[in-house]
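Read the numbers this way: they start at 1 and go in the same order the structure lists the ligands and their atoms.
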Amino acid sequence: MLDKIMGGLFGVAIGDALGGTTEFMTESEISAKYGRLTEISGGGCWSLEPGEITDDTAMTIAVARGILEKPLEPITKIGEEFLAWYGTNPKDVGITIRSVLSQYQGDWEEAAKLVCEQMDGKCAGNGSLMRTLPIALAYADNEKMLDITFRQSMMTHYDEQTAQICQIYNKIASRLLNHEQLYQAIEKEIQGTQFSSVFHNKPIVPADGYVVNTFYWVLYYLVHFKEFSDVAIEAANKGGDSDTIAAIACGLKGIEVGYNALPEHFKTKILVKEELMELGNRLYKLRVSMSS
Ligand SMILES: [Mg+2]
């Protein structure tokens with residue numbers, strides 16, 4: 001279990017650090033500049049250090065810290081962690097999240113609702129999905145996990161479908177933690193939804209920050225590529241919202257294969273590895289203590 005929890009956290013960070021190099025680029029721009037990007041090398045539009053992570057991992061860490069501070073009712077603490085991160089003036093904050101964090105006045109859902117109205121209802125970004133994994137890692141109780149997953153999403157993205165996609169994602173993660181195979185776990189959770197087309201067809205939607213499009217690409221990589229490296233590299237070389245799509249996909253793939261099986265050359269590059277180690281250990285202990 002510890003190996004899987006650690007694999008999930010490092011999966012997110014590796015996808016983020018690799019895909020951060022190619023964010024907002026097109027496939028042809030990437031191949032012209034890098035050939036095929038296969039190593040964590042930094043650079044890109046954020047001028048990243050090699051192994052530097054972006055908002056995807058930073059907010060995942062914030063969610064994990066909030067849960068650890070107050071496991072039975074973590075939303076307020078998660079919010080404090082978001083604000084603390086925002087206070088460090090990070091270089092890459094998504095549009096929806098920046099709007100919510102800058103207008104928050106004490107009630108998350110109220111701020112998220114206001115921002116969604118300001119955006120004419122188009123607030124279904126992937127910013128809550130990218131940080132939702134620690135909830136599945138911490139809570140073995142399915143009902144509790146689904147409740148917190150939903151509310152965590154609504155803190156910044158006032159959109160039910162977005163919250164439901166976060167729930168599907170964390171249900172897949174929970175199956176993996178219970179030793180189910182990734183392909184079968186996905187099959188069970190997306191049966192009868194619009195996403196089931198990924199088993200047969202490459203998505204025709206852009207690989208962008210709209211959560212529905214993001215999830216199509218995440219699922220596509222996960223059902224068609226067996227190796228962790230291939231999932232990360234495929235997503236990174238697609239460009240668009242590559243860091244977030246790679247982070248979301250590699251979070252699940254990382255749980256399936258476990259930390260020990262993640263490529264060494266990726267793991268050692270991650271600059272926040274000590275922090276992820278500490279959080280993984282604490283989430284593991286919390287999960288065990290809450291389920292006994
Ligand atoms: Mg990012």
Side-chain angles (χ1 to χ4, degrees), residues 8-27 29-30 34 37 39-65 78 81-102 123-134 152-153 155-157 162 165-166 169 206-215 217-218 221 231-254 266 269-273 275-276:
L9 291 178
F10 272 81
V12 170
I14 290 168
D16 182 10
L18 184 71
T21 302
T22 53
E23 188 175 5
F24 302 128
M25 294 175 79
T26 65
E27 282 176 88
E29 285 168 350
I30 294 166
Y34 299 103
L37 183 75
E39 294 296 333
I40 294 173
S41 57
C45 69
W46 307 112
S47 304
L48 300 170
E49 298 290 321
E52 184 178 352
I53 50 87
T54 76
D55 56 343
D56 311 271
T57 309
M59 293 198 88
T60 298
I61 289 173
V63 170
R65 290 209 175 283
I78 290 172
E81 293 291 333
F82 288 171
L83 292 169
W85 168 72
Y86 188 58
T88 66
N89 199 19
K91 45 186 158 186
D92 58 329
V93 188
I95 300 165
T96 309
I97 289 175
R98 185 182 293 280
S99 303
V100 173
L101 292 177
S102 61
C123 59
N126 57 17
S128 62
L129 180 60
M130 74 187 188
R131 63 180 192 230
T132 199
L133 191 61
Q152 187 281 135
S153 183
M155 288 174 75
T156 51
H157 294 67
T162 304
I165 290 175
C166 292
Y169 180 79
D208 63 17
Y210 173 38
V211 70
V212 171
N213 293 352
T214 293
F215 204 45
W217 282 101
V218 164
Y221 296 129
V231 171
I233 291 168
E234 284 291 324
N237 284 276
K238 178 74 187 166
D241 204 0
S242 46
D243 62 329
T244 302
I245 293 174
I248 294 167
C250 291
L252 290 182
K253 193 68 194 174
F266 285 157
K269 273 275 170 66
I270 300 303
L271 297 181
V272 295
K273 53 181 175 288
E275 187 173 13
L276 294 179

Whether Asn126 side chain and Tyr210 backbone form a donor-acceptor pair below 3.5 Å: no
The Mg ion (ligand 1) to nearest N/O/S of Asp16 below 2.8 Å: no
Any N, O or S atom of Asp56 closer than 2.8 Å to the Mg ion (ligand 1): yes
The Mg ion (ligand 1) contact by Asp243, N, O or S atom under 2.8 Å: yes
Heavy-atom pair of closest approach, residues Gly15 and Ala246: O-CB, 3.3 Å
Exercise: identify the closest heavy-atom pair between Phe82 and Ala62: CD2-CB, 3.8 Å
Identity of the N, O or S atom of Asp55 lying closest to the Mg ion (ligand 1): OD1
Basic-acidic side-chain contact under 4.0 Å: Lys91, Glu52: yes
The Mg ion (ligand 1) reached by Thr54 (N, O or S, under 2.8 Å): yes
Sidechain-backbone polar pair: Thr96 side chain, Gly127 backbone, donor-acceptor under 3.5 Å: no
